[in-house]
Amino acid sequence: MLKLRSGYDYFIEIGSGSGYIITNVAKEFTSFKRFIATDVNCTAVKETTRYAEDEGVDVDAVCCNLADCLRNVSNSIIVFNTPYLTCSNGELSISDPAYVSICRNYRGDVLTGVVNIIKTGCCEFILTVGNDGLEYLLSSIRGIRPLYFIDVLFNSHMFFEDVITVHLTRI
């Protein structure tokens, strides 16, 4: 069972897509000072904004890669449903942001970027990754300071891959 400590300043969703997750969290949990959504796809950011407004909640949505556009993410919980689909370099060279946002080489750019955020020790994380993504994540953060406790929350089988949701908290 997921237990979050109280007192976070920010709830940040990386890769907000339609805005469904962050909007529903904002409706249920009012203890956060701000709700921030990022997505590399600017059309998704517009959709997140529209959906949040339609639901009557205040979500700041920003078009950027991961959390690169945010100055301070400390004292936050970051949620990210990482892309599971691997792509060739040729596929990644397609300039359509809608395509790139769902099909990225997460062993290269996406999870490396997330690992760099984790290494700062800024926050707690809830990440959904594929099996090989979890192996990469675990090997990348093994032995870093601060240390993290990793709790597997869900393990789901999709027709194309097993998908695992993990909660990372600082020890």
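In what follows, every heavy atom counts, from backbone to side chain, and hydrogens, waters and symmetry copies are set aside. Just so it is clear, the structure is predicted and the values come from calculations on it, not from any experiment. Note that the numbering runs from 1 along the sequence shown for the chain.
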When you compare the side chain of [Y] with that of [X], does any pair of heavy atoms fall below 4.5 Å?
| X | Y | answer |
| --- | --- | --- |
| Val129 | Val114 | no |
| Ser140 | Leu111 | no |
| Phe32 | Ile77 | yes |

Residues joined to Phe149 in its hydrophobic cluster, side chain to side chain under 4.5 Å directly or through other members, sorted by chain and number, are Leu147, Ile171
Linked hydrophobic residues, Val45 as query - side chain contacts closer than 4.5 Å: none
Measure the [atom1]-[atom2] distance between [X] and [Y] for me, rounded to the nearest 0.5 Å.
| X | Y | atom1 | atom2 | value |
| --- | --- | --- | --- | --- |
| Arg170 | Cys123 | CZ | SG | 7.5 Å |
| Asp151 | Thr169 | CG | OG1 | 7.5 Å |
| Ile12 | Leu66 | CD1 | CG | 11.5 Å |
| Ile22 | Lys27 | CD1 | NZ | 13.5 Å |
| Asp162 | Asn155 | CG | CG | 5.5 Å |
| Ile78 | Leu127 | CD1 | CG | 8.5 Å |

Tell me whether Cys63 and Cys42 have SG atoms closer together than 2.5 Å. yes
Give a yes or no answer on whether the side chain of Thr82 reaches the backbone of Thr128 with a donor-acceptor pair at less than 3.5 Å. yes
Show your reasoning for whether side-chain contact (heavy atoms from CB on, under 4.5 Å) applies to Tyr148 and Ile118. CA-CA 9 Å; Tyr148 280 87; Ile118 292 168; 3.5 Å; yes
Identify the residue among Thr30, Val57, Asp58, Val25 that makes a side-chain contact (heavy atoms from CB on, under 4.5 Å) with Phe35. Val25
Over all atoms of both residues, closest heavy-atom pair of Asn41 and Asp39: N-OD1, 2.8 Å
Taking side-chain contact (heavy atoms from CB on, under 4.5 Å) as the definition, give me every residue that meets it alongside Leu138, ordered by chain and number, with sequence neighbours left out. Leu134, Arg142, Ile150
Using side-chain contact (heavy atoms from CB on, under 4.5 Å) as the criterion, list what pairs up with Ala67, not counting sequence neighbours. Ile14, Leu70, Val73, Ile117
Residue set satisfying side chain to side chain donor-acceptor pair (under 3.5 Å) with Ser74, at least two apart, ordered chain then number -> Asn72
Hey, quick one: are Phe80 and Val62 part of the same hydrophobic cluster, counting side-chain heavy atoms closer than 4.5 Å, chains of contacts allowed? no
Kindly determine whether Thr112 and Tyr136 satisfy side-chain contact (heavy atoms from CB on, under 4.5 Å), including the steps that lead there. CA-CA 9 Å; Thr112 299; Tyr136 175 83; 2.8 Å; yes
Please determine whether a side-chain nitrogen of the Lys or Arg among Arg50 and Glu53 lies less than 4.0 Å from a carboxylate oxygen of the Asp or Glu. no
So Val59 and Thr49, side-chain contact (heavy atoms from CB on, under 4.5 Å) or not? Walk me through it. CA-CA 7 Å; Val59 171; Thr49 300; over 6 Å; no
Could you give all pairs that pass the side chain to side chain donor-acceptor pair (under 3.5 Å) test and reach residues 13-26, with sequence neighbours left out? Ser16-Thr48
